[in-house]
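These notes concern the structure reproduced below.
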Amino acid sequence: MRKVFLVSAVAMAVAGCAAQQEYSTPQVRDLSVSRESTPASHYTVEAGDTLYGIAWRHDMDYRDLARLNQIGPPYRIQPGQQLRLSDAAAAPSGESRSGELGQGQVATATALGGGTAAQTGDDDWLLPDEEAIERNRRLTAEPLSAEAGVPSDTAIAGAQSIAEAPTQPESQPQTPPEPSVEPEAAAAVQPEPESEPQPEAQPQDAGTEVAGEPERQPESNGRSYTPVEEVPWQWPADGELVGRFGEGGSITAGIDIAGQKGQPVRAAGPGIVVYAGSGVRGYGNLILLKHNDQYLSAYAHNDSLRVTENDVVEAGQVIATMGDSDAESARLHFEVRKDGQPQDPLKFLPER
């Protein structure tokens with residue numbers, strides 16, 4: 001009986017330890033998915049970035065990105081600079097705030113003509129300067145010295161000469177002075193008519209400055225960028241439609257057109273190149289084309305690029321060759337964005 005009791009006690013102790021071990025085992029969850037789904041609040045500028053490229057990869061309008069970071073035209077950015085990506089994001093810790101002063105002092109803005117100021121130190125500087133007030137009162141009360149009130153001999157002599165000068169009778173008409181030059185000579189020296197003012201040069205498009213590079217010169221192709229009111233959309237490449245807007249894959253904001261490596265990729269409308277490079281992850285060699293203040297188009301996975309930033313292109317112009325950069329096969333990934341937001345390109349392209 002005693003052995004049965006001991007065996008039962010040992011069994012209960014082992015079961016209790018196992019239950020305690022099972023209960024104390026930490027629960028591990030994979031948070032990588034939630035981290036990936038959480039949008040970034042800041043972005044650190046890298047060499048080769050442009051404001052357009054950064055805004056594009058975060059589904060933003062470049063003007064909103066510039067406003068959030070108080071960046072004005074020509075919207076130059078520098079490598080290492082931190083940019084806010086949302087209104088809720090706090091300003092980077094490296095930035096100084098205009099309302100904070102050194103040595104624990106705090107400046108408080110007040111209305112003009114009144115209000116109080118908050119200080120942490122002595123406020124004697126607010127008291128009126130009695131000595132300055134008394135000095136100003138004495139200066140304004142003292143009369144001018146005697147010497148200052150007496151006119152000089154030169155002034156008296158000038159006044160007498162004017163008074164003694166003979167005056168002409170009122171009825172005698174004054175004859176105009178004869179011209180000192182002959183009419184022919186006068187005609188020869190007539191001033192030339194003013195030339196018409198030349199129209200001011202169109203400003204360069206903003207947001208295309210590349211971080212870490214010197215300021216760009218005006219485009220060399222001789223064209224000037226003029227935004228179009230209505231974009232005359234056309235297909236950017238020939239080939240089979242193998243991906244639609246919102247369907248699978250890592251890039252779902254546009255359509256995929258299959259084709260042969262090296263075949264031409266054409267501009268879907270007239271505009272200016274605001275990005276040309278490979279700095280946007282998942283897009284390979286990418287071109288961003290601005291058509292007007294609302295619409296941008298993107299051309300990804302290219303093999304080679306035929307244009308650079310600030311180049312002005314026409315609709316149908318070859319801007320790249322099709323490739324498979326960051327793609328499983330040769331294809332063109334094409335996107336249309338309105339105010340920074342992805343749109344279905346098939347709603348804009350003509351039927352074929």
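What you see is a predicted model; the values in this text were computed from it and never measured.
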Check the pair Tyr299 / Ser297 against side-chain hydrogen bond (donor to acceptor under 3.5 Å, both in side chains), numbers first and verdict last. CA-CA 7 Å; Tyr299 311 78; Ser297 59; 2.8 Å; yes
**Prompt:** So Arg331 and Val242, side chain to side chain contact (heavy atoms under 4.5 Å, CB included) or not? Walk me through it.
**Reply:** CA-CA 9 Å; Arg331 63 182 62 199; Val242 295; 4.1 Å; yes
- Could you walk me through whether Arg67 and Asp87 pass the salt bridge (Lys or Arg N to Asp or Glu O under 4.0 Å) check? CA-CA 10 Å; Arg67 175 185 56 81; Asp87 288 315; 3.7 Å; yes
Verdict with supporting geometry, Leu85 and His42, side chain to side chain contact (heavy atoms under 4.5 Å, CB included): CA-CA 5 Å; Leu85 300 177; His42 292 86; 5.6 Å; no
Where do Ile71 and Ile77 land on the side chain to side chain contact (heavy atoms under 4.5 Å, CB included) test, with the steps shown first? CA-CA 8 Å; Ile71 301 175; Ile77 54 179; 4.0 Å; yes
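Side-chain contact between Phe334 and Leu349 is present, with at least one heavy-atom pair separated by less than 4.5 Å. Contact of the Tyr75 side chain with the Tyr52 side chain is not registered, since no non-hydrogen atoms from C-beta on lie closer than 4.5 Å. Between Lys261 and Met322, the closest side-chain pair of non-hydrogen atoms is not below 4.5 Å. Residues Val228 and Pro270 have side chains in contact (heavy-atom distance under 4.5 Å, counting atoms from C-beta outward). Looking at heavy atoms from C-beta onward, Tyr295 lies out of side-chain contact with Glu230 at the 4.5 angstrom threshold. Between Leu346 and Ile255 there is a side-chain heavy-atom pair separated by less than 4.5 Å. Under the 4.5 Å side-chain criterion, counting only non-hydrogen atoms from C-beta, Val313 is not in contact with Ile272. Using a 4.5 Å heavy-atom threshold, the side chains of Ile257 and Glu240 count as separate.
When each of Leu286, Asp326, Leu288 is checked for a side-chain contact (heavy atoms from CB on, under 4.5 Å) with Val280, only Leu286 meets the rule.
A donor-acceptor contact under 3.5 angstrom links the side chains of Tyr43 and Asp49, judged on distance only.
Checking side-chain atoms of Asp324 against main-chain N and O of Ser329 turns up no donor-acceptor pair under 3.5 Å. The backbone N or O of Ser304 sits less than 3.5 Å from a side-chain atom of Thr321, completing a donor-acceptor pair. Proximity of a side-chain donor or acceptor of Asn302 to a complementary backbone N or O of Asn285 within less than 3.5 Å is detected. The closest donor-acceptor contact from the side chain of Asp311 to the backbone of Val273 lies at 3.5 Å or more, if one exists at all. In terms of modelled atom types and a separation under 3.5 Å, the side chain of Gln78 and the main chain of Arg76 share no donor-acceptor contact. At least one donor-acceptor pair closer than 3.5 Å links the side chain of Tyr275 to the backbone N or O of Gly279. In this structure, the side chain of Asp256 does not engage the main chain of Gly243 through any donor-acceptor pair within 3.5 Å.
Scanning both residues, Glu335 and Pro345, for their nearest heavy atoms gives CA-CG, 4.3 Å. Residues Leu305 and Gly277 approach most closely at CD1-N, 3.7 Å, considering heavy atoms. In terms of heavy-atom proximity, Ser86 sits nearest to Leu68 at N-CD1, 3.6 Å.
Under the rule for a side-chain contact (heavy atoms from CB on, under 4.5 Å), the partners of Glu314 that lie at least two apart in sequence or sit in another chain are Arg223, Gln317. Partners of Asp61 under the side chain to side chain donor-acceptor pair (under 3.5 Å) rule, at least two apart in sequence or in another chain, are Arg63.
Distance CG/Asp293 to NZ/Lys338: 13.0 Å, rounded to 0.5 Å.
Classification of Arg337 and Asp59 as a salt-bridged pair holds, one side-chain N sitting under 4.0 Å from a carboxylate O.
Ring geometry for Trp233 versus Phe348: interplanar angle of 30 to 60°, hence tilted.
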